[in-house]
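Just so it is clear: chains get the letters A, B, ... in the order the sequence lines come, proteins before strands, and each one is counted from 1.
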There are 2 protein chains.
Amino acid sequence: MRPADKSAPQPPLGAPGYVVLGMVRLGARSGYEIKQMVELSIRFFWTISQVQIYPSLEQLEAAGFVNGRSEPQGKRPKRVFEITPKGEKALRQWLGHPDPMPFELRDLGLVKLFFGDALDHSEAVELLDAVKKRSEDRVSMLRAIESAADVAGTEGNVYPLLTLRMGIRFHQAMIDVCREFEQEILE
Amino acid sequence: MRPADKSAPQPPLGAPGYVVLGMVRLGARSGYEIKQMVELSIRFFWTISQVQIYPSLEQLEAAGFVNGRSEPQGKRPKRVFEITPKGEKALRQWLGHPDPMPFELRDLGLVKLFFGDALDHSEAVELLDAVKKRSEDRVSMLRAIESAADVAGTEGNVYPLLTLRMGIRFHQAMIDVCREFEQEILE
DNA sequence: TTCTCCATGTAAGTAGTTACATGATTGG
DNA sequence: CCAATCATGTAACTACTTACATGGAGAA
């Protein structure tokens, strides 16, 4: 019979945990702020629901990767966190580890396009336009964020800019392919 | 007390159901063939596990969207399906409906890149390379499929080619951005 | 005869979501 | 005082996955 000591089998931190850790490192202090920062920065390629954040924070604290303290605003409860050196190290290790980085795209728009031959010409073009427009909207939205300069409100961080650019180019590519195809089928 | 008549509250067909329906339309006859066709065609932006396919087929049959019959190979059981006119219509309707087409990307590679500033220079570049390489692999894989010509083994369908091209351009864009960024940080 | 492919199915589990609940603070 | 925002939490559910089970057919 094993004693339930304090270094008990901590479930290994999953991806959501590291995402939360990374956001704390970038200056998001509370669960609420983390959620906001995710929405403003990585939501293009990663989402996290409010519900997952708080347990992750607890787990991170138990592992010693973040320090938390209560900082109630009047009677409203609030816990604020900061990353520890141990946490920094764990984050770097995770980032450095070449474990599989699955690229998962799940897009009904492309699925519908794939089946586009089932439609007659005009309807198919409408569908194509819808997909194109969606990307156009995304591009302008991302460009707006880009203009808003300091992406995550953090100084000295250049990589967020990289991923932002990817989002833009990404959807720009989709727009381009749509346009080209539209040209082609106009014969 | 409602009688359980044959037009009983059929659960509305979800996305997986329509994907299966579309694949049947393109000539995939059995559950097994559907799975294969998905892997060869849309797996870049949609996945479906074997487990979901068979129930979907039953649902489609109950709705009258496909006709199924048993066609055992020797003693090995096998059900083959073909789409009905009603099914064709339902598919077209779904394709035409401008219901939301969520574009969901879930990519740990980009997440890690986003946090890249936590790493020191050389490690960050390694990460960047890893992401780049991943896309390069994808591109060459997709180009191979492209060469293999008739994408889904179907004649007269041009849209599968469109989505294939998207995949290529898509990852090409990622490669480009990686390269550009690598240049930039070499100062 | 052994391996790979064809073909379907069941059972259990995980990851994630939505919906709901609560209430305090801030700004107009 | 009313709305929007800040802040956390709980409970129930859905979608999807992995692992396992079975076995015939065809090829080497």
Side-chain angles (χ1 to χ4, degrees), chain A residues 11-20 23-24 27-40 42-43 45-61 66 68-81 100 102 104-108 111 153, chain B residues 9 11-20 23-24 27-40 42-43 45-61 66 68-81 100 102-108 111 153:
Chain A
L13 211 48
Y18 285 104
V19 170
V20 168
M23 288 302 174
V24 171
R29 293 156 33 86
S30 64
Y32 189 86
E33 280 181 21
I34 290 167
K35 173 67 175 156
Q36 295 224 318
M37 194 177 273
V38 166
E39 290 307 307
L40 284 173
I42 62 173
R43 90 149 168 309
F45 44 87
W46 197 266
T47 63
I48 192 166
S49 81
Q50 178 250 104
V51 183
Q52 322 174 249
I53 292 176
Y54 297 98
S56 287
L57 282 169
E58 277 176 47
Q59 214 190 328
L60 288 168
E61 202 178 10
V66 297
R69 65 176 193 287
S70 280
E71 194 176 84
Q73 311 262 285
K75 280 192 181 167
R76 187 202 301 163
K78 185 177 178 181
R79 300 216 75 206
V80 296
F81 299 88
E104 281 162 45
L105 180 55
R106 203 160 180 78
D107 182 7
L108 274 186
V111 170
Chain B
L13 211 49
Y18 284 104
V19 170
V20 168
M23 287 303 174
V24 171
R29 294 156 32 87
S30 64
Y32 188 85
E33 279 182 22
I34 290 166
K35 173 68 175 156
Q36 294 224 318
M37 194 177 274
V38 167
E39 291 306 307
L40 284 173
I42 63 173
R43 91 149 169 310
F45 46 86
W46 198 266
T47 62
I48 193 166
S49 79
Q50 178 250 103
V51 183
Q52 323 175 249
I53 291 175
Y54 296 98
S56 287
L57 282 169
E58 277 175 47
Q59 214 189 329
L60 288 168
E61 202 177 11
V66 298
R69 66 175 193 287
S70 280
E71 196 177 82
Q73 311 261 286
K75 278 190 183 171
R76 186 204 301 164
K78 184 178 180 181
R79 299 215 76 205
V80 296
F81 298 87
F103 177 93
E104 282 162 45
L105 179 57
R106 202 160 180 80
D107 182 6
L108 274 186
V111 170

Please report the distance, rounded to the nearest Å, between [atom1] in [X] and [atom2] in [N].
X     : N      : atom1 : atom2 : result
B:I48 : C:dT8  : CD1   : P     : 14 Å
A:E33 : D:dC6  : CD    : P     : 9 Å
A:R76 : C:dT22 : CZ    : C1'   : 13 Å
A:Y18 : C:dA15 : OH    : C1'   : 18 Å
B:I34 : C:dT8  : CD1   : C1'   : 12 Å
B:K35 : C:dA7  : NZ    : C1'   : 14 Å
B:Y32 : D:dA25 : OH    : C1'   : 12 Å
B:I53 : D:dA15 : CD1   : P     : 17 Å

message: Heavy atoms only, 4.0 Å cut-off, all strands: where does A:Q50 land among base, sugar-phosphate and nothing?
response: base
State whether [X] places a side-chain N or O below 4.0 Å from either non-bridging phosphate oxygen (OP1 or OP2) of [N].
X     : N      : answer
B:Q52 : D:dT17 : yes
B:S49 : D:dC16 : no
B:K75 : D:dG24 : no
A:Y54 : D:dG9  : no
A:Q73 : C:dA24 : no

field: Most 5' of B:Q36 and B:R106 on DNA chain C, judged by nearest nucleotide
entry: B:Q36
- line: Closest non-hydrogen atoms of B:L60 and B:G17, given as atom of the first, atom of the second and distance, are CD1-O, 3.7 Å
query: For the residue pair B:Y54 and B:Y32, what are the closest heavy atoms and their distance?
result: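 Of all heavy-atom pairs spanning B:Y54 and B:Y32, the closest is OH-N, 3.4 Å.
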message: Let me test you: for the helix from C:dT1-D:dA28 to C:dG28-D:dC1, what is the angle between the axes at its two ends (five pairs each), rounded to 10 degrees?
response: 30°
message: Between B:E39 and B:Q36 (side chain of the first, backbone of the second, donor and acceptor by atom type, cut-off under 3.5 Å), is there such a pair?
response: no
task: Measure from the side-chain N and O atoms of A:K35 to the backbone N and O of A:I48, and report whether any donor-acceptor pair falls under 3.5 Å.
output: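 Checked: pair present.
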query: Looking at residues at least two apart in the chain, or sitting in another chain, which of them share a side chain to side chain contact (heavy atoms under 4.5 Å, CB included) with B:T47?
result: A:R106
- request: Nearest-nucleotide wise, let me know which of A:K78 and A:V51 is further upstream toward the 5' end of DNA chain D.
  value: A:K78
query: Can we say A:E61 and A:R79 salt-bridge, meaning some charged N sits less than 4.0 Å from an Asp/Glu carboxylate O?
result: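 Yes, A:E61 and A:R79 are salt-bridged.
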query: To the nearest 0.5 Å, how far apart are CD in B:E33 and NZ in B:K78?
result: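 Answer rounded to 0.5 Å: 5.5 Å.
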